[in-house]
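Each remark here refers to the structure printed beneath this line.
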Amino acid sequence: MCGIIACRAIEPAPGYLIAGLKRLEYRGYDSAGIAVTAADGTTAVFRTTSRVDSLTGLVDGWAGPLLAGTGIGHTRWATHGGVSEQNAHPHQDCEGRVSVVHNGILDNADRLRAELVHAGHRFSSEVDSEVICHLVEDRLLVSDDLLHAVSGAVAQLTGSWALVVLDARTGRMVAAAHRSPLLAARSTAGVFLASDISAIGDWVEEFHILADGDVIEVTNDLVWTHAGTPVAVPTAIPRPPRPTFSLTLEADDHMAAEILEQPEAATRLLEEVGGRIATGALWNDLGLPRFDRMRVVACGTSLNAGEVIGSALSRLGGLAHSSVVASEAAGSVVELGTLTVMMSQSGETADVLRALDESPEGFPVLALVNNVHSTLGRKVDAVLSCSAGPEIGVAATKTFVCQILVGTGLVISSLVASGRMDTAQARRLVNDLYLVPEQLAEAAAAARALLPPLVDEVRGAKGFLFLGRGAGVAYAAEGALKLKEITYRWAEAYPAGELKHGPLALVEQGTPVVVVDDGDPRLAGNIAEVRARGGRIITIGRAGSSIEVPLSLAAPCGPLAAVVPLQMLALGLAVELGFDADKPRNLAKSVTVD
Ligand code: F6R
């Protein structure tokens, strides 16, 4: 996990580093820090366990030598070692000459640390990354060449890394990557490195991606090496256009804004892809072979969206689908004629990337991502964007809706292209998709009006159940996930029929049970079973529900509008309980470790 940034700029480095780190906070926010070269040949280090913003105060209070334009920065999601200033990056060697920021996990850190301690090195943190500082320190004693020293040090590592090393004595800066994203960019403002283009997109027009095993030196230009040999700088990729519709980073509550933006995001997406669904072009343009079954591989919210898309394929086309938790994908059997769809908002989720690496050869893989330039987007046979625009709140909301819309469109399009659905039926289904923005807006309005007293009523509940049937099950799962993530309350989702096979034992007087009611007649019995035990039923869906949302039983993506009140229930409760919904404890937006 974690986000890293570095610059060799004309202006003082702190401004760039802190602005970039704010955009990388989605990768972790347990602590943040920067190291900047100073006029006297030392490095000034600022670290905090508060939010990135507080680095500005620390830099403003700096009374030491003038800070220069070269520096490195890091925002952390704790893996090795607790959340403390000591464990915050940048880390340094024994003499304070070498400073390092690292994203990834070093599998052999314990052994290396033991060897380094035995050799006399003094460690000041519990973090695996610190071994890099001491390995480089050792190598600089033999040769003063930082590029050589870092190349040698990374050859001793196993695991994953995107790292930048700064040498205070020479002002040199070297970066390396292996199984963690890192990109480099040049512009008139300077040379920049970052985990993600969003961090440096304001200052550069194009960027280059480090491949596994690359080690580069950042001079006033880029010196690129691979396996110890100089190589050409890889082809530049144009920076994606800055979205004009995105939320400002200054907004108080991104999750609320992103929930309310869903109708607009859905409209934009349909404008982009809607005209290519019923013609089969959306599918044909991907250049993938015809398939007979679909296997979705994803995590969390993306997995829930994948379940909706897979069900649509089975319902509309009679084709089999399976959903596989990415971290458990290893060894799963892939039958002939299978299309694997890897779904990931970020395209950087380590579990998904590992599942891709471990997928059997010879089967087509399509990525459905929110960032086509992500690692996943670059590694697969074809890529489709859910085009939701930047999502800053850690809990996924608008990307879920957009994944479902474009994924369902893709399913319809592939069925037309393979002759399994006629165009007239496809057009009718596409018309249903065009109703979604309005349905989402209506659902938000209903939830706004009706949720406050419900939230008040359930604020003391320790646990929640979420139920649905058929296409509603995936939405119940998404409602439970949102609630867990941002309110820290237990929440379990079940197909409603499963209730009496165990979970009903959890229901006592007042237990909130949220039902996605898409009109399946069997739900009435399940609701009665809960009521008989004193459970507090909250229904979301068809007419007569606690919160009514527009639904059509035949809609290709099931009761999609129901997700809006589910998201708002979680958010309303989080706010009521005084939690920061945008940055829930222990989580990060992009989970880049497995
Ligand atoms: C839930 C949430 C996570 C992510 C999961 C996968 O609100 O945000 O469950 O859905 O970590 O992330 P991506 O989609 O980036 O692979």
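In each ligand, atom 1 is the first atom listed, and ligand 1 is the first ligand listed.
Within the 3.5 Å criterion, the main-chain N or O of R51 finds a donor-acceptor partner in the side chain of S54. A donor-acceptor contact shorter than 3.5 Å is absent between the side chain of D518 and the backbone of P559. Using a distance-only test at 3.5 Å, with no hydrogens or angles considered, no donor-acceptor pair links the side chain of H254 to the main chain of G393.
By the criterion of a heavy-atom distance under 4.0 Å, the backbone of V394, and not its side chain, is placed next to ligand 1.
Residue T349 has at least one nitrogen or oxygen atom sitting less than 3.5 Å from a nitrogen or oxygen atom of ligand 1, judged on distance alone. For ligand 1, the polar-atom distance check against A396 finds a nitrogen or oxygen pair separated by under 3.5 Å. An N or O contact shorter than 3.5 Å links S344 to ligand 1 by distance.
Here the heavy atom of the protein found nearest to atom 2 (C) of ligand 1 is E485 OE2, 3.5 Å. For atom 15 (O) of ligand 1, the nearest non-hydrogen atom of the protein is S346 OG, 2.7 Å. For atom 11 (O) of ligand 1, the nearest non-hydrogen atom of the protein is V591 CG2, 3.9 Å.
One option in A305, C299, S302, A588 has a heavy atom closer to atom 14 (O) of ligand 1 than any other, and that option is S302.
At a cut-off of 3.5 Å, with distance as the only test, no side-chain donor of S302 or Q345 sits close to an acceptor on the other residue. Side chains of D351 and T349: no donor on one and acceptor on the other come within 3.5 Å. Defined by atom type and a distance below 3.5 Å, a donor-acceptor pair is present between the side-chain atoms of S332 and R295. A donor-acceptor pair shorter than 3.5 Å can be found between the side chains of T301 and K482.
Using 4.0 Å as the threshold, T397 has no heavy atom nearer than that to any atom of ligand 1. Not a single heavy atom of E348 sits closer than 4.0 Å to an atom of ligand 1.
Near Q345, the atoms of ligand 1 lying under 4.0 angstrom from a non-hydrogen atom of the residue are 13 (P), 14 (O), 15 (O), 16 (O). Distances below 4.0 Å separate heavy atoms of K482 from the following atoms of ligand 1: 1 (C), 7 (O). Here is the list of ligand 1 atoms found below 4.0 Å of a heavy atom in T301: 1 (C), 2 (C), 7 (O), 9 (O), 10 (O).
Screening residues 404-415 for side-chain hydrogen bond (donor to acceptor under 3.5 Å, both in side chains) gives no qualifying pairs among residues at least two apart or on separate chains.
Figure legend: cation-pi geometry between R76 and Y29 absent, as NZ or CZ is not positioned both under 6.0 Å from the six-membered ring centre and within 45° of its axis.
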